[in-house]
Protein chains: 2
Amino acid sequence: MRYPPGYKEKKHTELLKISGSLMKKNGFAATGVDTLMHAAGMTSGAFYSHFASKTDLLKTLVTSELTASQTLWTSNPHDTAEDWLDFELERYLSIQHVLQPEAGCLLPSLSAEIARADLSVRERYEQELLKGHAILTQRLGDENLAWAFICQLAGSILIARTLPTEELQRMVIHASKLLLRNALAS
Amino acid sequence: MRYPPGYKEKKHTELLKISGSLMKKNGFAATGVDTLMHAAGMTSGAFYSHFASKTDLLKTLVTSELTASQTLWTSNPHDTAEDWLDFELERYLSIQHVLQPEAGCLLPSLSAEIARADLSVRERYEQELLKGHAILTQRLGDENLAWAFICQLAGSILIARTLPTEELQRMVIHASKLLLRNALAS
DNA sequence: GTCTATAGGCTGATAGAC
DNA sequence: GTCTATCAGCCTATAGAC
């Protein structure tokens with residue numbers, strides 16, 4: 001059977017999208033190659049014509065997911081630093097983000113597993129995180145504040161997701177917004 | 001073979017200590033029953049005379065680990081709110097805590113997996129987290145600030161651990177300390 | 001490029017001897 | 001209470017047909 005030109009690239013992109021969703025939702029270790037490929041309408045054997053190993057997928061995923069996040073940030077329509085940041089806070093610290101890890105940021109879902117991964121994965125991650133940090137530093141005018149924002153954002157979604165009631169989840173993201181807005185004002 | 005009275009309780013406590021270390025270091029899903037039991041000098045069959053299932057271990061672990069963290073907090077020797085908090089910030093946001101997950105807090109290591117666990121696990125987690133939140137609220141005098149602190153602390157250690165160089169790790173925890181100290185002052 | 005089939009190993013969990 | 005032995009199922013990865 002022949003495949004049209006560009007087919008592999010298209011499938012590759014599709015695999016990254018599907019595996020991103022699955023792994024953010026269920027975890028990297030908990031998501032098997034077979035499960036992933038069947039969700040993409042293929043069988044496990046075809047996985048290795050796209051990725052050298054499961055670790056290679058994680059590496060690729062780190063780049064594609066964090067690049068997508070940066071694109072989201074740069075598509076923020078607001079100009080002034082205050083409006084820009086307010087828009088991002090509302091989007092990131094939303095109950096939707098808490099309830100839908102599969103559609104959300106990589107950081108709260110997969111950071112713990114990335115911290116335990118190969119150096120090559122962490123170096124790729126560092127590279128992308130530094131780009132995000134640079135964008136935020138530009139808006140905040142302060143490198144330290146930018147790092148603290150990243151930690152607060154990821155930490156809030158992470159903790160909110162562990163809690164069993166939406167009431168507490170809302171309390172956590174609300175509290176986090178208050179702290180960050182206060183940090184901006186001072 | 002007979003076993004002296006209190007032997008099971010002693011082994012049970014030992015198992016919790018060892019499994020806590022292993023799972024904080026390598027992750028819950030990634031740590032098998034066999035690996036865990038051999039680290040404790042036993043074989044896998046004996047696991048099930050201590051815990052009904054692996055999930056049951058996680059549930060028990062949540063209580064024992066977070067209780068231990070609360071004990072640490074309450075053993076803080078300082079009286080005034082400012083000194084008490086400064087002591088905790090220095091202890092939690094230390095490079096040792098970044099480099100030694102096996103000896104550190106459960107939150108940065110296992111929150112993502114707890115968020116994906118059974119409701120029974122998350123309810124147990126909620127119960128303990130609320131106790132910690134209450135302690136912090138008492139010191140900070142503000143419920144929202146207490147939630148935001150918890151998120152910032154866990155998030156900072158989580159993100160720092162993903163980074164490949166100690167230089168960046170130090171930068172992240174330093175930035176986090178600055179934000180929290182600033183929040184205290186205002 | 002994807003398929004089926006399969007290898008070898010690890011997983012969580014159980015049964016029965018001691 | 002812990003042991004050995006074992007189960008069925010899943011895992012990552014590979015070989016070869018189409």
Side-chain angles (χ1 to χ4, degrees), chain A residues 1-20 22-62 110 112-114 116-118 120-121, chain B residues 1-20 22-62 110 112-114 116-118 120-121:
Chain A
M1 187 177 176
R2 294 278 306 279
Y3 295 89
Y7 184 86
K8 186 177 180 181
E9 287 70 19
K10 193 184 149 195
K11 272 289 173 191
H12 192 83
T13 308
E14 191 185 323
L15 279 178
L16 282 179
K17 191 176 170 185
I18 293 173
S19 60
L22 279 175
M23 293 183 166
K24 285 187 288 183
K25 188 178 182 190
N26 302 323
F28 176 72
T31 305
V33 171
D34 197 71
T35 304
L36 157 64
M37 293 305 281
H38 273 99
M42 295 167 162
T43 54
S44 65
F47 177 84
Y48 295 91
S49 69
H50 288 274
F51 306 100
S53 65
K54 212 191 163 192
T55 299
D56 180 45
L57 166 63
L58 181 58
K59 223 154 67 178
T60 312
L61 215 46
V62 161
L110 296 181
E113 288 182 286
I114 288 168
R116 298 175 189 122
D118 291 353
S120 66
V121 175
Chain B
M1 187 179 176
R2 293 278 306 279
Y3 294 90
Y7 184 86
K8 186 178 181 180
E9 287 71 20
K10 192 184 151 195
K11 272 288 173 191
H12 192 83
T13 307
E14 192 186 323
L15 279 177
L16 282 179
K17 192 176 171 184
I18 292 173
S19 59
L22 280 175
M23 293 183 167
K24 285 187 289 184
K25 187 177 182 190
N26 302 322
F28 176 72
T31 305
V33 171
D34 196 70
T35 304
L36 157 65
M37 293 304 282
H38 274 98
M42 296 169 162
T43 53
S44 64
F47 176 84
Y48 296 92
S49 67
H50 287 274
F51 306 100
S53 64
K54 211 191 163 192
T55 300
D56 180 45
L57 165 62
L58 181 58
K59 222 153 68 178
T60 313
L61 215 46
V62 161
L110 296 180
E113 288 182 285
I114 288 169
R116 298 175 189 120
D118 290 353
S120 66
V121 175

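Note that the structure is predicted; figures quoted are calculated from it, not measured. Proteins come first, then strands; the chains are lettered A, B, ... in the order of their sequence lines, and each starts at number 1.
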A.B. asks: Tabulate atom names and distances for all N/O pairs under 3.5 angstrom spanning the protein and nucleotides 9-13 of chain D.
C.D. replies:
from   : atom 1 : to      : atom 2 : distance (Å)
D:dT12 : OP1    : A:Lys54 : NZ     : 2.6
D:dT12 : OP2    : A:Val33 : N      : 2.7
D:dA13 : OP2    : A:Tyr48 : OH     : 3.2
D:dA13 : OP2    : A:Lys54 : N      : 2.9

A.B. asks: Grab the two heavy atoms, one from B:Arg116 and one from A:Glu113, that are nearest each other, plus how far apart they are.
C.D. replies: NH1-OE1, 4.3 Å

A.B. asks: Answer yes or no: is there a side-chain heavy-atom contact under 4.5 Å between B:Met23 and B:Leu57?
C.D. replies: yes

A.B. asks: Counting only side-chain N and O atoms of A:His12, is one of them less than 4.0 Å from OP1 or OP2 of C:dG1?
C.D. replies: no

A.B. asks: Considering only residues two or more places apart or on different chains, which pairs with a residue in residues 4-16 of chain A satisfy salt bridge (Lys or Arg N to Asp or Glu O under 4.0 Å)?
C.D. replies: A:Lys11-A:Glu14

A.B. asks: Phosphate oxygens OP1/OP2 of C:dT2: is one of them under 4.0 Å from a side-chain N or O of A:Ser49?
C.D. replies: yes

A.B. asks: Specify the separation, in whole Å, of atom OH of B:Tyr3 and atom C1' of D:dG1.
C.D. replies: 5 Å

A.B. asks: Does the side chain of A:Lys59 come within less than 4.5 Å of A:Val62's, by heavy atoms?
C.D. replies: no

A.B. asks: Applying side chain to side chain contact (heavy atoms under 4.5 Å, CB included) between A:Met37 and each of A:Val33, A:Thr35, A:Asp34, report the one that passes.
C.D. replies: A:Val33

A.B. asks: Let me know the distance between CE of B:Met37 and P of C:dA13, rounded to the nearest Å.
C.D. replies: 13 Å

A.B. asks: Mind listing the closest non-hydrogen atom pair of B:Phe47 and B:Leu36 along with its distance?
C.D. replies: CE1-CD2, 3.8 Å

A.B. asks: Could you tell me if the side chain of A:Phe51 sits less than 4.5 Å from the side chain of A:Leu16, heavy atoms only?
C.D. replies: yes

A.B. asks: Between P on C:dG12 and NE2 on B:His50, what's the gap in Å once rounded to a whole number?
C.D. replies: 17 Å

A.B. asks: Within this structure, what is the CZ-to-C1' distance between A:Phe51 and C:dT2, rounded to whole angstrom?
C.D. replies: 15 Å

A.B. asks: For the side chain of B:Thr43, starting at C-beta, report the closest nucleotide among D:dG1, D:dC3, C:dT2.
C.D. replies: D:dC3

A.B. asks: Considering all heavy atoms of both residues, which atom of A:Lys54 and which atom of A:Thr31 are nearest to each other, and what is their separation?
C.D. replies: NZ-O, 2.9 Å

A.B. asks: So what stems show up for DNA chain C if we need 3 or more Watson-Crick or G-U pairs in a row, all under 3.5 Å?
C.D. replies: C:1-18 with D:1-18

A.B. asks: Atom CE of B:Met42 and atom P of D:dT4: how far apart are they, to the nearest Å?
C.D. replies: 12 Å

A.B. asks: A:Ala39 and A:Leu22: which non-hydrogen atoms are nearest, and at how many Å?
C.D. replies: CB-CD1, 3.9 Å

